[in-house]
Amino acid sequence: ALDYFDKGLEIVAETKDKELEAILYGSIANVYMLQNKELEALENALKGLSIFETLGNKRSAAISMCNIGNLYHGLLNEQQAMHYFEQAKDIAEEINDDYVKSLVYYQFAEIYSKNEEHDKAIEYNKKTYEISKSTNDKAAEILSLQALAYNYCKGKKEYNKAETYALEC
């Protein structure tokens, strides 16, 4: 896959299609993530982000920031992860993009849950749930319901609420 993406970058260099170049860097980052090569993934994701920012493509920049935040989270650098998630959240709210807001809120909930800050995790899971329900994003809706059930069960020991959310899945 990487060979084909490299060929794609050669073609993009000829056509000077910066948007496609940024997309290719994101795709290369995804391949490296699948290979557990987080540093190579991060390098390529940052290249893509830089191009999206230069082009003024805020939505794609915010999605790239979420991906970079996930990479830092995988590298156990929560401070950097939260930095990128916060930036993505600010952009998502500025452009009022529910899809990106949902992505970011879900990531916040995951980090808070991992750190056993279940009240904050629940707050962001509820935000994700509301957005996914209003946009008819069934996959995100189910994920947020599962996360709500988990946080109510594990963190809050409120088993009835946990069961209610689990049964909605």
Side-chain angles (χ1 to χ4, degrees), residues 5 8-9 12 17-148 150-151 155 165:
F5 288 133
L9 287 173
V12 164
D17 185 337
K18 295 308 250 179
E19 180 111 14
L20 184 55
E21 181 181 4
I23 291 167
L24 283 169
Y25 280 123
S27 296
I28 292 168
N30 288 336
V31 171
Y32 280 125
M33 280 193 306
L34 292 172
Q35 295 176 345
N36 295 317
K37 295 180 179 180
E38 287 85 1
L39 295 178
E40 291 91 340
L42 187 59
E43 177 185 333
N44 284 281
L46 288 167
K47 286 179 184 177
L49 171 61
S50 177
I51 294 168
F52 284 132
E53 288 177 326
T54 299
L55 294 174
N57 186 332
K58 291 183 178 187
R59 183 175 198 266
S60 293
I63 292 170
S64 293
M65 288 172 189
C66 285
N67 292 335
I68 292 167
N70 283 329
L71 284 166
Y72 276 117
H73 184 62
L75 291 168
L76 304 178
N77 187 336
E78 280 189 20
Q79 184 177 1
Q80 278 296 90
M82 289 299 280
H83 169 75
Y84 280 97
F85 292 142
E86 284 287 345
Q87 285 187 319
K89 177 184 74 84
D90 291 345
I91 292 170
E93 290 175 350
E94 174 191 336
I95 64 174
N96 197 27
D97 188 307
D98 284 337
Y99 173 76
V100 179
K101 282 191 244 182
S102 182
L103 283 177
V104 174
Y105 295 158
Y106 185 81
Q107 294 306 320
F108 283 153
E110 287 290 302
I111 289 175
Y112 287 130
S113 180
K114 179 183 170 210
N115 291 332
E116 298 190 20
E117 295 179 62
H118 297 285
D119 287 330
K120 286 184 179 179
I122 288 168
E123 173 189 340
Y124 281 102
N125 286 138
K126 285 182 177 179
K127 287 182 178 188
T128 303
Y129 175 71
E130 290 304 320
I131 291 170
S132 61
K133 194 168 178 159
S134 72
T135 59
N136 203 30
D137 182 346
K138 294 298 183 190
E141 190 175 332
I142 290 169
L143 286 173
S144 58
L145 286 169
Q146 289 172 336
L148 281 162
Y150 173 83
N151 281 294
Y165 285 111

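The figures that follow rest on heavy atoms only: side chains count, while hydrogens, waters and symmetry mates do not.
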From [atom1] ([X]) to [atom2] ([Y]), nearest 0.5 Å:
X	Y	atom1	atom2	result
C66	F85	SG	CZ	6.5 Å
D97	I63	CG	CD1	6.5 Å
N36	M33	CG	CE	10.5 Å
E19	I51	CD	CD1	10.0 Å
N67	N30	CG	CG	6.0 Å
L46	Y84	CG	OH	5.0 Å

Item to check | Worked check of side-chain contact (heavy atoms from CB on, under 4.5 Å) between E53 and L49 | outcome: CA-CA 6 Å; E53 288 177 326; L49 171 61; 3.8 Å; yes
Checklist entry - Are the side chain of S102 and the backbone of D98 linked by a donor-acceptor contact shorter than 3.5 Å? => result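 No.
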Please output the side-chain donor-acceptor pairs of residues 109-126 that fall under 3.5 Å, not counting sequence neighbours, one pair per line with the distance.
{"from": "E110", "atom 1": "OE2", "to": "Y106", "atom 2": "OH", "distance (Å)": "3.3"}
{"from": "S113", "atom 1": "OG", "to": "N151", "atom 2": "OD1", "distance (Å)": "3.0"}
{"from": "K114", "atom 1": "NZ", "to": "E78", "atom 2": "OE2", "distance (Å)": "3.4"}
{"from": "N115", "atom 1": "ND2", "to": "E78", "atom 2": "OE1", "distance (Å)": "2.8"}
{"from": "N115", "atom 1": "ND2", "to": "I111", "atom 2": "O", "distance (Å)": "3.4"}
{"from": "H118", "atom 1": "ND1", "to": "N151", "atom 2": "OD1", "distance (Å)": "2.7"}
{"from": "D119", "atom 1": "OD1", "to": "K156", "atom 2": "NZ", "distance (Å)": "2.7"}
{"from": "N125", "atom 1": "OD1", "to": "N151", "atom 2": "ND2", "distance (Å)": "3.1"}
{"from": "K126", "atom 1": "NZ", "to": "Y152", "atom 2": "OH", "distance (Å)": "3.2"}

Checklist entry - Can L39 and Y32 be said to form a side-chain contact (heavy atoms from CB on, under 4.5 Å), step by step? => result CA-CA 8 Å; L39 295 178; Y32 280 125; over 6 Å; no
Checklist entry - Are any non-hydrogen side-chain atoms of I23 and F52 less than 4.5 angstrom apart? => result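 Touching, per the 4.5 Å side-chain cut-off.
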Checklist entry - Quick one: are K89 and Y105 in side-chain contact, heavy atoms under 4.5 Å? => result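 Yes, their side chains come closer than 4.5 Å.
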Checklist entry - In this structure, are over 12 heavy atoms from other groups packed under 6.0 Å from Y99 atom OH? => result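 No, because the 6.0 Å sphere around OH of Y99 holds 12 heavy atoms or fewer from other groups.
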Next on the checklist: Just checking Q79: does its CD atom have more than 12 heavy atoms from other residues, nucleotides or ligands closer to it than 6.0 angstrom?
Outcome noted: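 Atom CD in Q79 is not crowded, with 12 or fewer foreign heavy atoms closer than 6.0 Å.
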Looking at [X] and [Y], what are the two nearest heavy atoms and their distance?
X	Y	result
K133	E141	CA-OE1, 3.8 Å
A22	G48	CB-O, 3.6 Å
E86	F108	OE2-CZ, 3.7 Å
I91	A62	CG2-CB, 3.8 Å
S144	S132	OG-OG, 4.0 Å
K58	I95	CD-CG2, 4.0 Å

Checklist entry - Do E21 and K18 sit within salt-bridge range, that is, some charged N less than 4.0 Å from a carboxylate O? => result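 Looking at K18 together with E21, the answer is yes, because their closest N to O distance falls below 4.0 Å.
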